[in-house]
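Have a look at the structure below before the remarks.
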Amino acid sequence: MQRTKIVDVINSQPTNEAVTVMGWVKTFRSNRFIAINDGSCMDNLQAVVDFEKWDAVLLKKIAPGAAIAVTGSLAASQGQGQAVELIVDQLEIFGESDPSSYPLQPKKHSLEFLRQIAHLRFRTNTFSAVFRIRHYMAFAIHQFFHERGFYYIHTPVITASDAEGAGEMFQVTTLNLNSIPRTEEGNIDFKKDFFGRAANLTVSGQLEAELAAMAFSQVYTFGPTFRAENSNTPRHLAEFWMIEPEVAFADATDNMNLAESMLKYVIQYVMEHCKSELEFLNQREQDEDKQKPAQERNEMGLLDRLRFVLSNDFERLTYTEAIEILKQSNPNKKGKFQYPIEQWGADLQSEHERYLVEKHFKKPVILSNYPKEIKAFYMRQNDDGKTVAAMDILFPGIGEIVGGSQREERLERLQKRMEELHIPQEEMYWYLDTRRFGACPHAGFGLGFERLILFITGMTNIRDVIPFPRFPGNAEF
RNA sequence: GCCUCUUUAGCUCAGUUGGUUAGAGCGUCGGACUGUUAAUCCGCAGGUCCUUGGUUCGAGCCCAAGAAGGGGCGCCA
C-alpha cells in the first residue's frame, strides 16, 4: 500500500500535490477536522473534510480509534495549530471503532487505568512518546558500543547454572508437573527433564560475556533478564532488559569512565533525536507537578535535569567516604534515618543512597570499593583485604541504575572466595578456565535499561516504560 | 514478603454526625452550530457505592475477613 508517513508530511511545504496518509483517528472536531496519528511522530495530521459533500453515515464512522486512509492535497493551514493540513478528496475507513465501548476518550487518563489496557495504551500521546524514546535509546546503545569496537554477544536466555547469585530464578522444565519423575531417593529426577538437568531463565549474561571478552577484548550483551523475586516496587520487573558490557585489559576506573560516557551518550542521542517527545514529556510532568503539593514537585524540569547530567561529571567516591558523609549527615544525627549509620560495613539502604544523590551531591553518584561481604564472589579483591572493586551508579529518583565491578582474575583468590560462599566450583569449571588460560584484568557492569528510560522520560513507574510489564501476579497480554 | 493508603457512573472524583430519590466534570447517546485545536451550546441516559459477613430501626459512611490498585520498605538492575 502506498502511503506517506505523517512525520514526512507535517514538515513539508504545502505542495498542493496529492498524498495518501493512513493512521488512527485521535479526534474529529466540528464534523470537519480529523486529527490523525500514525505513530511516526508526536504530531497529528489535520485532515479537513467538507462535510456537506460527504455522506453523514460515513462521517459518523470517523470516531476516535478508527483506522482510516485519507487522500488529498497538502495545503497551508488556515488554523493556528499546524502549518499544513490535508484537504480530503478520498476517504476510506479500514476499521471502525465504536465510541461507546472504545476505552480511550479524548481526555486525560490516569497511568493506572492505561496500565490495565496496555494493549491500547500505545495510542496515547504519553506512551507513544515513551516507546519511541525507548527505541532510540536501544539504537543509541548499539551505536555507542559499535563505534567503540565492541561486539554484540547473544548470551543464553536459558541457563543450567544456578550459581550466578543474582537472585531467585524462574525454573524451565518440560516435565509433567502432575506426575514429576522421582529418583530412588525421592528427589526430582532432572535427568528426565529436557536438558537432562535443572534449568532456569537467566538472571544475568555477565559470566558468559566474560568468556567472550577473553577473546574479543570488548563485548556487550543486551537482552531480557528474569528475576523471580517477589518485588513490588515502581523500580522492579520480573522481566526486564539489561545491557552488560565486559572489557578485557580494563580496571575499575576504566569501568566507571565507560559507564559514565555511555549514559551521557544515550541521553545526548535522545535529546537530539526525540526533541518533540521530550518536550511533550517535559510539559506533561510540569502539568502533573502543578497538581502536587510544592514539596513533592521536581526541583528541575525534565529537560533541565537531562542537560544538567550531561554537563556535569558524576560524583565519584568510595563506600568508605560515603559512610563518613552519612555518619556526619543531619538526618543521621537527628535520628531521621530508619536505618541509622553506625559503623563501616553496613549495607546502604535506599534512604542513604537517596540522601547522597538527591540532597548531598544533587547529581549522579558513582560509589566504589564496597565491603566484600555485601558484594558478589566475582568482584576483584582490593589490597586492603576488606573491600572489592565494585561500583554502583546512583541516579536521582531512581536509585541504582548501574552495578558493576572489576572482576577477580586471580584464580586462587577467586576459588577461595567461592569456597567461602559455598559456590560449587565443579559446575563453574568453564568460568574458572578463563582464569587458568590467559587471565587478564577485566571489568564490566550491568545497566538496567528500563531504569535509564525512567530517568530519560521522567516517568516514575517502571511498568510504564516497558510495553507489557511482568511482575508478581501479572502476566497479562 | 512487610507497612500504609485507596476502591462510588465508561474515565477522574465529591458525598456532611449513620437517615427519604447517591452527585459533579469529562466521555457516550440525541439535537443545534460549523475553520476547529481535548471545539462549543442544549438535552437524555447511565450506579452490584469492590466482595462476603456483621453491628443497627436504618450502612456508600461503623466493624471483620478477602480481592484489586497506588505509595513506602526489603531483594536488585
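Letters A, B, ... are given to chains in the order of the sequence lines, protein chains preceding strands, and every chain is numbered from 1.
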Can you measure A:N230 atom CG to B:rG1 atom P for me and round it to whole angstrom units? 5 Å

Under the 3.5 Å rule, do the base of B:rG35 and the side chain of A:E85 count as making a donor-acceptor pair? yes

Between B:rG19 and B:rC11, how many Å separate the two P atoms, rounded to a whole number? 27 Å

Is the closest basic N to carboxylate O distance between A:E351 and A:R354 below 4.0 Å? no

Nearest whole angstrom, please: distance from the P of B:rC76 to the CD of A:Q206. 14 Å

Measure from NZ on A:K292 to P on B:rG71 and round the result to the nearest Å. 11 Å

Within the structure shown, what part of the strands sits under 4.0 Å from A:Q116 by heavy-atom distance: base, sugar-phosphate, or nothing? nothing

Using a 3.5 Å limit on both pairing distances, list the dot-bracket string of RNA chain B from the 5' end; Watson-Crick and G-U wobble pairs count, crossing pairs take [ ], interstrand pairs take |. (((((((..((((.....[...))))..((((.......))))......(((((..]....))))))))))))....

Is the distance from OP1 or OP2 of B:rG71 to the nearest side-chain N or O of A:N232 less than 4.0 Å? no

A:L111 CG to B:rG69 P: how many Å, rounded? 16 Å

B:rC76 base to A:R451 side chain: any donor-acceptor pair below 3.5 Å? yes

note: A:Y102, atom OH; B:rG27, atom P; distance rounded to Å ~ 16 Å

A:R305 charged N/C atom sitting above A:F395 aromatic ring, 6.0 Å / 45°: no

Whether A:F222 and A:F449 hold their rings parallel, tilted or perpendicular, with breakpoints at 30° and 60°: perpendicular

So A:S77, base contact, sugar-phosphate only, or nothing? Heavy-atom distance under 4.0 Å. base

What one-letter contact string describes nucleotides 5-12 of chain B from 5' to 3', where B marks a base within less than 4.0 Å of any protein heavy atom, S marks contact via sugar-phosphate atoms alone, and - marks no contact? -----BBS

Sidechain N-carboxylate O distance under 4.0 Å for A:E450, A:R134: yes

Please name all residues satisfying ring pair (Phe, Tyr, Trp, His ring centres under 6.0 Å) with A:H352, sequence neighbours left out, ordered by chain then number. A:F337

Whole angstrom value for the distance that separates C1' of B:rA39 from CZ of A:F51: 13 Å

A:R235: partners by side-chain hydrogen bond (donor to acceptor under 3.5 Å, both in side chains), with sequence neighbours left out: none

If we take the C1' atom in both B:rG60 and B:rG15, what is their distance in whole Å? 8 Å

Of all pairs that satisfy side chain to side chain donor-acceptor pair (under 3.5 Å), the ones with a partner from residues 48-76 of chain A, not counting sequence neighbours: A:T20-A:T71

The correct set of residues in residues 43-50 of chain A placing a heavy atom under 4.0 Å from RNA chain B is A:Q46

Cation-pi geometry met for A:K327 and A:W344 (6.0 Å, 45°): no

Find out whether A:V309 and A:F314 are in side-chain contact, i.e. whether some heavy atom of one side chain is under 4.5 Å from a heavy atom of the other. yes

Heavy atoms only, 4.0 Å cut-off, all strands: where does A:I243 land among base, sugar-phosphate and nothing? nothing

Distance, rounded to the nearest Å, where A:Q78 contributes CD and B:rU34 contributes P: 16 Å

Inter- and intrachain pairs under side chain to side chain donor-acceptor pair (under 3.5 Å), touching residues 75-91 of chain A, at least two apart: A:Q46-A:E85, A:S77-A:Q82, A:S77-A:E85

Would you say A:R407's side chain and A:G444's backbone share a donor-acceptor pair under 3.5 angstrom? yes

Considering only heavy side-chain atoms of A:M242, the closest of B:rC73, B:rA77, B:rU36 is B:rA77

Side-chain polar contacts of residues 459-473 of chain A - donor-acceptor pairs under 3.5 angstrom, sequence neighbours left out - could you list them?
| from | atom 1 | to | atom 2 | distance (Å) |
| --- | --- | --- | --- | --- |
| A:N461 | OD1 | A:R463 | N | 2.9 |
| A:D464 | OD1 | A:R115 | NE | 2.8 |
| A:D464 | OD1 | A:R115 | NH2 | 3.4 |
| A:D464 | OD1 | A:R121 | NH1 | 3.2 |
| A:D464 | OD2 | A:R115 | NH2 | 2.7 |
| A:R470 | NH1 | A:E476 | O | 2.8 |
| A:R470 | NH2 | A:F477 | O | 2.6 |

By nearest atom, which of the nucleotides B:rG35, B:rU37, B:rC73 is closest to the A:R32 side chain? B:rG35

If you check the A:N31 side chain, which of B:rG71, B:rC75, B:rU34 turns out closest? B:rU34

Of all residues at least two apart in sequence or in a different chain, which pass the side-chain contact (heavy atoms from CB on, under 4.5 Å) check with A:Q343? none

Base, sugar-phosphate, or nothing: which does A:K375 touch, judged by heavy atoms less than 4.0 Å apart? nothing

Under 4.0 Å, heavy atom to any atom of RNA chain B: which of residues 341-366 of chain A qualify? A:Q349, A:S350, A:R354

For A:H109, ring pair (Phe, Tyr, Trp, His ring centres under 6.0 Å) partners two or more places apart: A:F113

Roughly how many Å is it from CD1 in A:I466 to C1' in B:rA77, rounded to a whole number? 12 Å

Could you tell me whether A:G79 contacts a base, only the sugar-phosphate backbone, or nothing, with contacts defined as non-hydrogen atoms closer than 4.0 Å? base

A:Y370: partners by ring pair (Phe, Tyr, Trp, His ring centres under 6.0 Å), with sequence neighbours left out: A:Y319

Please work out if A:F395 contacts a base, only the sugar-phosphate, or nothing of the nucleic acid, heavy-atom cut-off 4.0 Å. nothing

